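Just below is one structure, and these are the notes that go with it.
Not measured: the values here are computed from a predicted model.
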Amino acid sequence: MNIRQRIASTAVTVVNRASRMAGRGSGTVVGGKVGLAIDATLLSGLSERRSTVLVSGTNGKTTTTALLAAALGTAGPVASNDTGSNMPAGHVAALAARRDAALAALEVDEAYLGQSVESTEPVGIILLNLSRDQLDRLNEVRKLAERWKIALADVSSVIVANAEDPLVVYAARGCANTVFVEAGLVWNQDAVGCPNCGGHIVFADTWSCDRCDLEQPPARWRRVGSQIMAGGEIRGDLRLAIPGSFNLDNALLVVAMAEMIGLDLEAVLEALARVGTVAGRFERCQIAGTDAELMLAKNPAGWAALLDLVAEDSNPVVIGINARIADGADPSWLWDVDFSQLANRRVIATGDRWRDLSVRLDYADVEHGCEPNVERAIESAGLQGQFVSAMGNYTAFGDMRKLIK
Amino acid sequence: MRIVTVYPDLLGTYGDAGNGIILERRMSRRGLDVEHVGVDSHGTLPRADLYVLGGGEDGPQGLAAERLGNDATFQLAVAEGALVFAVCAGYQILTRSFVVMDGTSRPGLGLIPAETIRSEAARAVGELVVSVEGIAGIEGVVLSGFENHGSRTQLDANVTALGKVMAGIGNGTEGCEGAVYERCIGTYLHGPALARNPELADWLLVQAGAGSLAPLDDSRSLDLREERITWALSGKANGREGSAHSR
Ligand SMILES: [Zn+2]
């Protein structure tokens, strides 16, 4: 780092410490912004002589980054933006807070991948999936895939990419060091128009375009249940404390990256098994005297995965929907979610936009109650002493976490 | 009645697939005979009484226009009086031409005499409130939805708009929103449109030949619409949420 970068880096930690002492939250973004204002190249400086791995995609970023940080942790101290601040200011804050760490696991907002790759010169990049998320604010998914492709065109980093997502494959297939992993795609409605030629992506056992040469590449890594296969060989077993088959897929991507960058696989698998609740996801807690598990889904793909997960039990379900800035102002994606599988169980609609949800549930023939207040909604769902699955989109989930006693 | 949702794989963003679901449920809840199918773009469109088109991104929109233009069954059904309800990108496809990402103009189906043109103004993103004018059966109804589009639509003089804009942008020309021409209805209302506007849903079903319809309990939808309209017309919405991210 040069002198200016050093001053800027010190400013980040000082501002963040002051912010925390003043009780203004963890202060990660505010410190990072101050640092970047002093020196715009700060992220490059902080990334020097550090081995950084980036994680990006629409769904699973935060959990995958936590798994990755655990995997990297088998080799030494790791800096990571585990608060979910996934834009440059958050990256700067995370790296400045851990100047000692030679390794870094960074979650990157999909729209910032190019910029982050340029600044951090990562050794590895994990690409999860791309689907619609906050369409009223962010770029359409195909434009994002195009930007990824351009950003990755000349990198020498190891890219571990999901072979089952056509948009991810489109972005990563031309790169020098891409390793493909069968990492699942629960929702393919955004991937049917070919990003390469506008043709039609046909999904069968594997997917392919009906017009051009874009097709599902052979994957080196896949899994059978929790068993890890690489190049046809059994390589170990994924034992996770966190639920959901989508998290097994996320872990498989991390395992593939871990091996590519030379980590010991057995130690990595042990570290992954120890990862518990990640930023409150699947946290078991008490709210208003009710035992609940908190779940987050931000878009149709995420909701499809969560509804599959809760189909395994019959617990009452609370669904909270907001449409604040961080959620996107248009909750019409609710109609892309098949809520009908919630019929015949206790369901309560809550959050700022409970009316939108209520209309949606009604047309899906899901009988439900409505309670705008989140705390009372969870309380009333668990009135018979039942365990409640409390699901929310981004800020609704945040509101639920604030209620934990 | 057969309702076909056209190419949900290409024209299915912003939850517009919900319109087909809603039309189907409103028929079946009244015990009326209805069949609703969604047909992907690699399938063959069947004859239908009502075709429903939704929004989509530029690339898929161009592909949808191309496939629909070459679909003899669809062309014939429309010529023989099938009703078409189209939202956003679907609406633009029905006009004579529309504009894609690189700014070039593509031919539309020309079923609605109008041009969809590039706009230098910010993308229209936010709540849209429309007062229906000059449409028998839903005259005076105030419609609500969420719009999200970059282009503007200029109607020919012989085309009736769906209504007057009370909040938002709509067509972006002459204070109007949407179009009603012969058997085609186009609108920029997402939400999806019919979730908040049951009168519009029933009007479409009647136009498509459903006969007289018994009332349903629409209190959830009407309460939602009242909430959104109140919000859109209040001071809170003056900033046009999302409009700072124009593209
Ligand atoms: Zn193709």
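Between the side chain of D308(A) and the backbone N or O of A305(A), no donor-acceptor pair lies under 3.5 Å.
Residue R225(B): no heavy atom, backbone or side chain, is found under 4.5 Å from chain A. Contacts between L63(B) and chain A at a heavy-atom distance below 4.5 Å involve the side chain alone, from C-beta outward. Residue C194(A): no heavy atom, backbone or side chain, is found under 4.5 Å from chain B. Of the two parts of P60(B), only the side chain, counted from C-beta on, holds a non-hydrogen atom closer than 4.5 Å to a non-hydrogen atom of chain A. For a residue to count as touching a neighbouring chain, one of its non-hydrogen atoms must lie under 4.5 Å from one of that chain's; by this rule E24(B) does not touch chain A.
At a threshold of 4.0 Å, the pair R25(B)-D365(A) counts as salt-bridged, since one of the basic side-chain nitrogens sits closer than that to a carboxylate oxygen. Between K61(A) and E110(A) there is a salt bridge, since at least one side-chain N of the basic residue sits less than 4.0 Å from a carboxylate O of the acidic one. For R29(B) and D217(B), the salt-bridge test fails: no basic side-chain N is under 4.0 Å from an acidic carboxylate O.
Among P8(B), G56(B), G15(B), the residue making the largest number of heavy-atom pairs under 4.5 Å with chain A is G15(B). Of the listed residues I22(B), D218(B), D223(B), the one with more heavy-atom pairs under 4.5 angstrom with chain A than any other is I22(B). Among G18(B), A17(B), G191(B), P192(B), the residue with the largest count of heavy-atom pairs under 4.5 Å with chain A is P192(B).
Below 30°, between 30° and 60°, or above 60°: for Y91(B) and Y188(B) the angle between ring planes is above 60°, a perpendicular geometry.
For the 3.5 Å distance criterion, the side chains of D9(B) and H200(A) qualify, holding a donor opposite an acceptor.
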